[in-house]
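This structure is a prediction, so every number in the text was calculated from the model and none was measured.
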Amino acid sequence: MQPEIVKIMRVVIQVKEAAAKAIHQLYGVELQANDILVNATKPEFTGDYTVVLFAFVKQLKKSPDALGQELGDLLLGEYKGFFTAFNVIKGFLNLTISDDHWLGFIHSEYQNSLFGQSATNGQRVMVEYSSPNTNKPLHLGHLRNNFLGRSIAEILKTNGYQVTKTCIVNDRGIHICKSMIAWQLFGNGATPASTHTKGDHFVGDYYVLFNDEFKRQVEVLKAAGKSQEEAEKEAPVMKATQQMLLDWEAGKPEVMELWRTMNSWVYAGFEETYRRIGSDFDKTYYESNTYLLGKDLVETGLEKGVFFQKTDGSVWIDLTPEGLDEKLVRRGDGTSVYITQDIGLAEQKQKEFNAGQSIYVVGDEQNYHFKVLKLICQKLGLPSADGIYHLSYGMVELPTGKMKSREGTVVDADDLVEEMVAIARQKTEELGKVKDFTTEELAELYDTIGLGALKFFLLRVDPKKRMVFNPEESIDFHGFTGPFIQYTHARIKSILRKSGTTKRPPDATRDTQSLLPLEKELCIYLETFPSVLADAGAEHDPSKLAIYIFNLAKIFNSFYTEHSIGNAENEEKKTLRLELAQLTAQTIKTGMNVLGIRVPERM
RNA sequence: GGUCCCGUAGUUCAAUGGAUAGAAUAGAAGUUUCCUAAACUUUAGAUACAAGUUCGAUUCUUGUCGGGACCA
């Protein structure tokens, strides 16, 4: 074994490659390292890593026991100093890795502030997330979106990608006209400044007013004998809104002016929220600029025969061969539909950034839409089409069911953040551990903890799955939570402040101590961090990382309770444990930062 | 009508076809002369149902029941 490789290569990979080589040597069968299943050994068995043998039993015509014995014997002989023991139980070959190897790993990485980071790979990825509408403020669902988008972007950066974060703002259409109409009717010239209201909430309030007024007018018309449908069509506010949309499209100056003004209020509000929750974008697109994109692509598609025209002039694509149906891409009156501008924007982004991968963080109610989008782009032959990936996430629900604006059950993002921070404050004051902090330091700490709890809560779940947010139970700082991890970090930093960092001189000879079970468990788990980051990136799943950091903190806490660091049995142990503590703190910090969560030095 | 997703402890979440299905919380019982008890230790508790595929199924296939989304 080359010593350099030992340091760089992950242990699991080494085990796989060694096993593949051994099988080749013993039986002449060529296997790829990745075809071999290697897991961490379950705690109730002896060993560190386990080769699952069942898969080869048939092919090699060996009993699992015999195969395990032969393989174990060969591996132990060939890789002295790496493997130190093995046992075979049923079809499982449990291998023990030498303490020397783990010690070497800790010694070489404990000061590495880039532990887990991959070298740049020269590939560009775009991540589009957030995608707000300008008629109302952000809610809990947007928070999940923002945290996912931001963290997946950061994860991909650590994986060596060059990442561009984009945002498409839905700033036009009937919804914003509703707010505008309501403001004209009921606003009396009020502004966010005059009412001391955050701009996005201000505009959102008029959206609510619109709906109230609309409902009222519909009732009046129904009382006058109209059907529901007729009433909704004829309600004066609705007619006014539709006229306003036409005026907007025609570029009528007063309408444009009002639209710009109201949107600017909203952007000021969004800006504040984004700053608070840590979302930022390298490039923001506005639908008012992009909604006409893609029209020329409809022509291209018709020429290429990808699209076809019906007798009423509407243009369609036939996706029945793909198991979907026919999809409209341009209406008979020549106006385009939602998907057309998405195709156009995809093309434009490709021209601007030419990213190999384009990730769209969008709710799973649009699964069908993105399936269609990708297919159409592929059929049109857009070079970036294969790189389209819909990072589809499930809705955040309340214990009572879905959030409904009509029933006032929408959880507002700003309110929720403030509530979390307030609870962090209350909890911190109760514990009274940071009485010497300045006001600024306290404010920062409350933010760190409150936002940490919220972000971790939303990121710890597989994005694809729907999740339930229980306002009472979710605001917990114990157990599988952000503050638990932050606390572990703060405690480690406290130990390091008191015990000093490690005293190992750079030329110190490698020690010969043996690892205690809890020390070893921590080593093994730390060593997997880079592959967890890689997995989380490849799977587009930050929850893998969140779960890892939580487990790491838990393992450290068990270790810490059992073994003294500052008053270790001897200097050698003390040095090792300080190194373990340093690397654990570093790993927690890197992992949490990648999730967009800060970790305090003290709390 | 068609397509897709989801059903795991009381609750919220895990488990690339692998060993006795893990955590957290709520419940029960403990741990402070010593590095931060927002911690630690012990305990009890679950794969919706029925078939099939195989050495082995929470995972794959089919059906039933339940929840959700989308398309026209």
Side-chain angles (χ1 to χ4, degrees), chain A residues 34 37-39 41-45 47 50-55 57-58 63-64 88-94 319-320 322-328 363-372 392-395 397 399 401-402 423-424 427-428 430-434 449 452-453 457 459-462 464-470 472-474 476-500 518 535 538-539 543-544 546-548 550-551 553-554 556-568 574 577-578 581 600-603:
Chain A
N34 271 332
L37 182 61
V38 175
N39 293 329
T41 302
K42 302 235 168 204
E44 55 269 36
F45 300 96
T50 297
V51 183
V52 182
L53 302 167
F54 297 105
V57 166
K58 246 182 206 166
S63 79
V88 182
I89 296 169
K90 295 206 248 171
F92 300 93
L93 169 61
N94 301 321
L319 295 174
T320 48
E322 281 76 20
L324 305 175
D325 48 13
E326 292 183 351
K327 180 86 188 169
L328 179 72
D364 64 4
E365 68 271 15
Q366 295 202 38
N367 283 351
Y368 178 79
H369 176 83
F370 277 96
K371 215 188 262 184
V372 170
S392 159
Y393 64 90
M395 202 178 296
E397 291 176 12
K402 283 196 286 185
I423 293 168
K427 190 80 193 164
T428 306
E430 278 169 20
L431 290 169
K433 293 182 184 181
V434 286
I449 297 172
F457 179 82
L459 287 174
R460 68 181 205 186
V461 181
D462 182 345
K464 289 190 287 295
K465 297 202 171 175
R466 278 181 291 161
M467 63 182 296
V468 176
F469 179 84
N470 184 325
E472 281 87 45
E473 287 173 21
S474 301
D476 194 348
F477 292 177
H478 301 275
F480 188 11
T481 67
F484 167 88
I485 295 163
Q486 291 171 324
Y487 174 70
T488 304
H489 178 266
R491 209 159 57 158
I492 296 174
K493 295 308 271 219
S494 167
I495 297 164
L496 295 175
R497 277 193 299 272
K498 287 188 174 148
S499 309
L518 288 168
D535 264 12
E539 307 277 320
S543 74
K544 292 223 177 348
I547 291 167
Y548 171 85
F550 169 65
N551 285 330
K554 232 171 25 133
F556 182 86
N557 284 335
S558 298
F559 156 80
Y560 167 82
T561 306
E562 192 66 27
H563 302 298
S564 179
I565 295 173
N567 299 315
K574 181 174 173 180
R577 288 180 191 159
L578 282 171
E601 297 289 308
R602 292 178 54 197
M603 68 184 273

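Closest to the side chain of Glu365(A), out of A38(B), C34(B), C70(B), is C70(B). For Lys327(A), whose side chain is taken as the heavy atoms from C-beta onward, the closest listed nucleotide among A72(B), C13(B), A39(B) is A72(B). Distance from the side chain of Asn557(A) is smallest for C40(B) among the nucleotides C40(B), U36(B), C71(B). Of the listed nucleotides (A19(B), C13(B), A38(B)), A19(B) has the atom at the smallest distance from the side chain of Glu44(A).
Atom CG in Asn39(A) sits roughly 11 Å away from atom C1' in G17(B) (whole-Å rounding). Between the CD atom of Glu562(A) and the P atom of U31(B) there is a distance of 17 Å, rounded to whole Å. Between the CD1 atom of Ile495(A) and the P atom of C34(B) there is a distance of 15 Å, rounded to whole Å. Rounded to whole angstrom, the span from the CZ atom of Phe92(A) across to the P atom of C55(B) amounts to 15 Å. Per the geometry, NZ belonging to Lys493(A) stands 20 Å off P belonging to A39(B), to the nearest Å. In this structure, Tyr548(A) atom OH and A14(B) atom C1' are separated by 17 Å, rounded to whole Å. Atom-to-atom, CG of Leu93(A) to P of G18(B) comes out at 17 Å; the value is rounded to the nearest Å. A straight line from CG of Asp476(A) to C1' of U11(B) spans 12 Å, rounded to a whole angstrom.
Considering only side-chain N and O atoms, Ser558(A) lies under 4.0 angstrom from the phosphate OP1 or OP2 of U41(B). OP1 or OP2 of U20(B) lies within a sub-4.0 Å distance of a side-chain N or O belonging to Lys90(A). The shortest distance between the side-chain N/O atoms of Ser494(A) and the OP1/OP2 oxygens of U36(B) is below 4.0 Å. Between Arg491(A) and A37(B) there is a side-chain N or O to OP1 or OP2 distance below 4.0 Å. The shortest distance between the side-chain N/O atoms of Lys554(A) and the OP1/OP2 oxygens of A39(B) is not below 4.0 Å. Residue Lys58(A) places at least one side-chain N or O closer than 4.0 Å to OP1 or OP2 of C55(B). The shortest distance between the side-chain N/O atoms of His478(A) and the OP1/OP2 oxygens of A39(B) is below 4.0 Å. Residue Lys465(A) places at least one side-chain N or O closer than 4.0 Å to OP1 or OP2 of A14(B). Applying the 4.0 Å criterion to OP1 and OP2 of A14(B), one finds that Lys544(A) has every side-chain N and O outside that range. Contact annotation: Asn367(A) does not reach the phosphate of C70(B) (side-chain N/O to OP1 or OP2, under 4.0 Å). Look at Lys433(A) and you won't find any side-chain N or O under 4.0 angstrom from OP1 or OP2 of U36(B).
Position along RNA chain B of the nearest nucleotide to Leu328(A) versus Phe54(A) favours Phe54(A) as the more 5'-ward residue. Mapping Arg460(A) and Ala424(A) onto RNA chain B by nearest heavy atom places Arg460(A) closer to the 5' end of the strand.
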Practice item. Would you please test Phe457(A) and Phe469(A) for ring-ring contact (aromatic ring centres under 6.0 Å, His included) and show each step? Key: CA-CA 9 Å; Phe457(A) 179 82; Phe469(A) 179 84; 5.6 Å; yes
Check your understanding: Given the rule in the side-chain contact (heavy atoms from CB on, under 4.5 Å) test, do Tyr560(A) and Arg491(A) qualify, once you have shown the distances and angles that lead to the verdict?
Key -> CA-CA 10 Å; Tyr560(A) 167 82; Arg491(A) 209 159 57 158; 3.4 Å; yes
Practice item. Starting from the C-alpha separation in whole Å, work towards a yes-or-no answer on side-chain contact (heavy atoms from CB on, under 4.5 Å) for Lys427(A) and Glu430(A). Key: CA-CA 5 Å; Lys427(A) 190 80 193 164; Glu430(A) 278 169 20; 4.2 Å; yes
Practice item. Please step through ring-ring contact (aromatic ring centres under 6.0 Å, His included) for the pair Phe92(A) and Phe54(A), ending with a clear verdict. Key: CA-CA 8 Å; Phe92(A) 300 93; Phe54(A) 297 105; 5.4 Å; yes
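For the atom pair CG of Asp462(A) and NZ of Lys544(A), the computed distance is 6.5 Å after rounding to the nearest 0.5 Å.
Residues satisfying the side chain to side chain donor-acceptor pair (under 3.5 Å) criterion with Asp364(A), sequence neighbours excluded, are absent altogether.
Here the closest non-hydrogen pair linking Asp476(A) and Thr481(A) is O-CG2, 3.1 Å.
In the model, Asn367(A) has a side-chain atom that pairs as donor or acceptor with a side-chain atom of Ser392(A) under 3.5 Å. Using modelled atom types and a 3.5 Å distance limit, the side chains of Tyr368(A) and Asp325(A) yield a donor-acceptor pair.
G30(B) and C13(B) have their P atoms separated by 32 Å, with the value rounded to a whole Å. Comparing the same atom, C1', in U33(B) and in U25(B) gives a spacing of 33 Å after rounding to whole Å.
Heavy atoms of Gly479(A) sit under 4.0 angstrom from primed sugar atoms or phosphate atoms, though from no base atom. Val52(A) comes within 4.0 angstrom of a nucleotide base, judged by non-hydrogen atoms across all strands. At a threshold of 4.0 angstrom between heavy atoms, the contacts of Leu324(A) with the nucleic acid are absent. Within the nucleic acid shown, His489(A) has no heavy atom closer than 4.0 Å to any nucleic acid atom.
Side-chain to base pairing of Thr50(A) with A19(B): one donor and one acceptor N or O lie within less than 3.5 Å of each other. Donor-acceptor pairing under 3.5 Å, judged by distance alone, is absent between the side chain of Asn551(A) and the base of A24(B).
Here Phe484(A) does not pack flat against the base of A38(B), since the 5.5 angstrom centre distance and 30 degree tilt limits are not both met. Stacking of Tyr368(A) onto the six-membered ring of C71(B) is not present when judged by under 5.5 angstrom between centres and under 30° between planes. By the stacking rule of 5.5 Å between ring centres and under 30° between planes, Tyr487(A) does not stack on the base of A39(B). Under the stacking definition used here (centres under 5.5 Å, planes under 30°), the residue Phe45(A) qualifies as stacked on the base of A19(B).
Ring geometry for His563(A) against Phe559(A) counts as tilted: the plane angle lies between 30° and 60°, on a 0 to 90° scale.
Consecutive Watson-Crick or G-U pairs involving RNA chain B, each under 3.5 Å on both distances, make up stems of three or more pairs at B:1-7 with B:65-71, B:10-13 with B:22-25, B:27-31 with B:39-43, B:48-52 with B:60-64.
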